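These notes are about the structure you will find just below.
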Amino acid sequence: MAALDIVFAMPVPGSSGVIQLTVLYFAHLRDQRGLDSEIVSTTAADAQSLYRELAARHGLSLPEKSLIVAINEVMVRWDAPVHAGDTVVFLPPVSGG
Amino acid sequence: MAALDIVFAMPVPGSSGVIQLTVLYFAHLRDQRGLDSEIVSTTAADAQSLYRELAARHGLSLPEKSLIVAINEVMVRWDAPVHAGDTVVFLPPVSGG
Amino acid sequence: MDDFALTNQSIDVVAWRRRLDHPQAGGLAIFEGVVRNHHQGRAVRHLDYQGYAPLAVRTGSEILATARGRWPLLVALGCHRIGHLDIGEAAVWIGVASAHRAEAFAACAWIMDEVKARVPVWKRETYADGSVAWAQGSVVRLDPPG
Amino acid sequence: MDDFALTNQSIDVVAWRRRLDHPQAGGLAIFEGVVRNHHQGRAVRHLDYQGYAPLAVRTGSEILATARGRWPLLVALGCHRIGHLDIGEAAVWIGVASAHRAEAFAACAWIMDEVKARVPVWKRETYADGSVAWAQGSVVRLDPPG
């Protein structure tokens, strides 16, 4: 499978393994990423590592303290682990109403 | 005119004159009086005297402290004077909403 | 149309809501007082309201004007029903539009308190056993706080 | 129907209001947040909202459930619009029914505060000059007060 080939072609030192998960983007982050969602291959073990990786790769400017993380539709702490198949969302400051 | 004859047939000692005015009744007072409104001939000079006269005549039971007086659609004090042609209402405790 | 009305017809809450539209409005706070099937532990069958129409309209309008002076409101409206009301029918409707929601909520609640305290309307409750009673009510203050 | 919904259609405020009917209800408090033509001194042309639907519905429903625990409410409902909104359109609708009005007002205002603070919805303002900006917004708290 081509996707897996690519994943194994980008090993990251110190990782416990590469996983694929879905990241959804909203508001500022959607504008900066230029995508509503994507499948991400990552060696990140938790939400914080994942955000830092994506921020560095795509120039996401929102600081972690302005975001909250949701994994599989539940808001969680930054140190929550991420697993293969998860849907991860970094929620910018909300402005409903 | 018959009405005037009747008025002058019932002089009240100490009055400064007999006047006719309209009294409207609501809620408890309407039930007690058995009328929505009536033309009253009175020698009362102020709202308080008028109420005491009507209360005695018709057995109105609400105490003055539970009522407020309106003369010609304006709420007034008990010592407000009444004049011929006025519309006087003694408002029971209100219960809108 | 008057900003405050007394009506013996069903309150047209859709029409009243429409009158709150205002291009500068960001928040609309609306209160509906409806006939509930119980009062102080007794089952209520229906209500009958009487109102002294000209003074009710004047007093309601004064309350709305006072509210407009106390909060930066764009629109403030009210309507009270009189006559026979069944369970679930609207007895009173208050609606306020303002730029921000805090003043809309505050003004709407205050107007409703004042309407209950001052507008000459009287509620007679008919209970499940057929007995009737005038609601206890509030003695009207002559000089309300401005 | 869910008690809290996210919709990309006009909020049907008449249908939502109808869902507040309850024979024990004496007071209905309703809040509508509508698109106003100004924000912090700038003329606004229109808004576009994005929302993370499943989490928005879950978070809104949790807020309503918390409100039902804090006040004796008979009904508590909410709806948030997403997509393109013109001036005057309803962006959010909150409705509460209770036996007495004090808790209806208090719960309605609290729910609206919480919706603004926690429901994952984002507002982009388009100004009269054509420029756009995301509204400043609130950083979501992970553990809201129960």
Side-chain angles (χ1 to χ4, degrees), chain B residues 21-40 44-52 54-55 58-83 85-97, chain C residues 4 6-7 11 31-36 39-40 47-63 78-82 85 90-94 108-109 111-125 132-144:
Chain B
L21 42 72
T22 301
V23 177
L24 309 183
Y25 297 102
F26 292 97
H28 325 59
L29 296 180
R30 180 177 294 185
D31 293 347
Q32 293 179 354
R33 181 65 188 95
L35 288 173
D36 290 8
S37 67
E38 64 180 333
I39 308 292
V40 172
D46 61 26
Q48 185 171 51
S49 304
L50 176 63
Y51 183 71
R52 290 178 178 177
L54 294 168
H58 304 300
L60 308 182
S61 71
L62 293 188
E64 288 162 33
K65 67 175 168 29
S66 78
L67 302 171
I68 190 163
V69 188
I71 300 180
N72 301 332
E73 304 173 9
V74 176
M75 296 182 194
V76 295
R77 293 156 46 109
W78 279 101
D79 60 3
V82 295
H83 301 101
D86 281 352
T87 296
V88 182
V89 190
F90 303 100
L91 305 167
V94 299
S95 50
Chain C
F4 192 93
L6 207 65
T7 178
I11 297 176
F31 178 78
E32 272 184 54
V34 297
V35 180
R36 62 174 187 263
H39 180 63
Q40 295 180 343
L47 299 184
D48 291 273
Y49 282 94
Q50 291 176 9
Y52 179 26
L55 188 58
V57 169
R58 175 177 298 178
T59 305
S61 299
E62 287 171 358
I63 291 167
C79 182
H80 204 295
R81 174 84 179 275
I82 53 174
L85 277 79
V92 60
W93 183 97
I94 305 295
C108 188
I111 290 166
M112 187 58 209
D113 287 347
E114 288 294 298
V115 165
K116 282 184 78 84
R118 296 182 52 212
V119 172
V121 168
W122 298 273
K123 170 168 57 182
R124 192 182 67 176
E125 298 177 319
V132 301
W134 290 101
Q136 186 169 0
S138 308
V139 178
V140 177
R141 294 163 284 131
L142 182 58
D143 296 307

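None of these values were measured; they are calculated from a predicted model. Quick note on labels: first sequence line is chain A, next is B, and so on, each numbered from 1.
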Tell me every residue that passes side-chain contact (heavy atoms from CB on, under 4.5 Å) with C:A109, counting only those two or more places apart in sequence or in another chain.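 By the side-chain contact (heavy atoms from CB on, under 4.5 Å) rule, C:A109 matches D:F105.
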Residue pair [X] / [Y]: nearest heavy atoms and the distance that separates them:
X     : Y     : value
C:A53 : C:L6  : CA-CD2, 3.5 Å
B:V23 : B:V40 : CG2-CG2, 3.7 Å
B:V82 : B:L21 : CB-CD2, 3.8 Å

Which bit of B:V69 comes within less than 4.5 Å of chain C, counting heavy atoms only: side chain, backbone, both or neither?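 Nothing of B:V69, per the 4.5 Å heavy-atom cut-off to chain C.
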Proximity breakdown for B:A70 and chain C, heavy-atom pairs closer than 4.5 Å: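 Contact with chain C involves the side chain of B:A70 alone.
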Full working for side-chain contact (heavy atoms from CB on, under 4.5 Å) between B:L54 and B:L29: CA-CA 11 Å; B:L54 294 168; B:L29 296 180; over 6 Å; no
Check whether any side-chain heavy atom of C:V119 sits under 4.5 Å from a side-chain heavy atom of C:V92, and report yes or no.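 No, every pair of side-chain atoms sits at 4.5 Å or beyond.
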Could you walk me through whether B:L62 and B:F90 satisfy the side-chain contact (heavy atoms from CB on, under 4.5 Å) test, starting with their C-alpha distance in whole Å, then the side-chain angles of each, then the deciding distance to 0.1 Å, before giving a yes or no? CA-CA 10 Å; B:L62 293 188; B:F90 303 100; over 6 Å; no
Between chain B and chain C, are any donor-acceptor pairs under 3.5 Å, and how far apart is each one to 0.1 Å?
unit_1	atom_1	unit_2	atom_2	d
B:A27	N	C:Q50	OE1	2.7
B:D31	OD2	C:W134	NE1	2.7
B:E73	O	C:R58	NH1	2.9
B:P92	O	C:W122	NE1	3.0
B:P93	O	C:W122	NE1	3.2
B:V94	N	C:S138	O	2.8
B:V94	O	C:S138	N	2.7
B:S95	N	C:V121	O	2.8
B:S95	OG	C:K123	N	2.8
B:G96	O	C:K116	NZ	3.3
B:G97	N	C:H80	NE2	2.8
B:G97	O	C:Y49	OH	2.6

Any idea which of C:P54, C:A56, C:A91, C:A90 has the most non-hydrogen atom pairs under 4.5 angstrom with chain B?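 Most heavy-atom pairs under 4.5 Å with chain B: C:P54.
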